[in-house]
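Below is one structure, written out as structure tokens, with a few remarks after it.
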Number of protein chains: 2
Amino acid sequence: MDLDEVIKALGHPVRREILQWLKEPEKHFADQAHPLEVGVCAGMFARCGLSQSTVSTHLAVLQRAGLVSTRRIGQWVFYKRNDDTIAAFLRQIGQEL
Amino acid sequence: MDLDEVIKALGHPVRREILQWLKEPEKHFADQAHPLEVGVCAGMFARCGLSQSTVSTHLAVLQRAGLVSTRRIGQWVFYKRNDDTIAAFLRQIGQEL
DNA sequence: TTGATATTTCGTTAAATTTAGATATATAGT
DNA sequence: ACTATATATCTAAATTTAACGAAATATCAA
């Protein structure tokens with residue numbers, strides 16, 4: 001867990017919003033065609049209002065920081081929260097700070 | 001407490017280091033000429049290796065985010081951690097995230 | 001293989017951040 | 001009033017980040 005990378009990833013409101021959505025997928029993505037168990041399809045995050053390529057970049061930042069994990073199924077990529085990293089971050093920032 | 005401003009303030013390693021130093025002033029600033037009770041003198045943070053103006057800017061970012069409070073005594077400005085804001089941040093980020 | 005859909009990567013532009021030097025302000029001491 | 005010290009602010013350069021459209025890649029379906 002690279003604290004610096006994680007904290008920078010959390011430094012953008014859209015990325016924090018995405019993580020919050022992923023906390024309760026059934027609440028925010030009930031309309032998803034695929035089963036939510038595999039994760040939330042990348043395209044679903046278009047709701048943040050940014051262009052598709054920008055959303056993809058934000059998701060990549062979250063993934064590089066280890067805050068989400070991905071799984072490709074066919075032409076889709078599904079995203080899940082990585083609760084381990086999030087918990088580790090909260091522990092470390094609570095300690096360091 | 002503006003979460004966005006706080007998290008951005010924490011997004012720079014030097015600013016986090018300053019907050020950590022301020023956690024134990026007697027440990028890191030035992031050489032200060034002034035009593036540590038009033039806070040840590042701005043000039044003491046030169047040890048981070050950056051120029052005076054840059055240090056001053058970082059301190060201003062921390063202050064605007066409410067992470068530190070200041071007190072001017074004569075020609076000096078003394079900085080203290082603002083534990084209330086820090087605690088509020090940890091609470092909120094732990095809840096939102 | 002061709003076409004359609006989903007996603008990432010690339011190229012570019014605009015905006016924000018970091019940094020330092022120079023200048024300005026505040027205060028102290030003589 | 002003048003000088004020295006401490007700090008903040010201004011200005012400019014370099015770097016990073018955010019955003020988008022276009023192009024590239026991946027997979028599926030016919």
Exercise for review: Please check the phosphate of D:dA19 (OP1 and OP2 only) for any side-chain N or O of A:His58 closer than 4.0 Å.
Suggested key: yes
Review point. Counting only N and O atoms by type, is there a donor-acceptor contact under 3.5 Å from the side chain of B:Arg15 to the main-chain atoms of B:Ala9?
Key: yes
Study note, to complete from the structure: A:Val55 meets the side chain to side chain contact (heavy atoms under 4.5 Å, CB included) criterion, sequence neighbours left out, with A:Phe45, A:Cys48, A:Leu50, A:Leu59
Revision key, fill the gap. Per-nucleotide protein contact along nucleotides 1-15 of chain D, 5' to 3', at a 4.0 Å heavy-atom cut-off (B base, S sugar-phosphate only, - neither), is ----BSBBB------
**Study point:** Rounded distance in Å - CD1 (A:Ile73) to P (C:dT7)
**Key:** 12 Å
Review point. Got a sec? Which of residues 1-22 of chain B come in under 4.0 Å of DNA chain C, heavy atoms?
Key: B:His12, B:Arg15
Review point. Can you pull the salt bridge (Lys or Arg N to Asp or Glu O under 4.0 Å) pairs that have at least one residue in residues 34-51 of chain B, sequence neighbours excluded?
Key: B:Asp31-B:Arg47
Review point. Does CD in A:Glu26 sit with more than 12 non-hydrogen atoms of other residues, nucleotides or ligands closer than 6.0 Å?
Key: yes
Check your understanding: Who passes side chain to side chain donor-acceptor pair (under 3.5 Å) against A:Asp4, sequence neighbours left out?
Key -> A:Lys8, B:Arg16
Check your understanding: Taking the side chain from A:Arg72 and the backbone from A:Gly74, do they hold a donor-acceptor pair closer than 3.5 Å?
Key -> yes
Practice item. Look at the aromatic rings of B:Phe78 and B:His34 and report parallel, tilted or perpendicular, splitting at 30° and 60°. Key: perpendicular
Study note, to complete from the structure: Applying side chain to side chain contact (heavy atoms under 4.5 Å, CB included) to B:Gln52 and not counting sequence neighbours gives B:Ser56
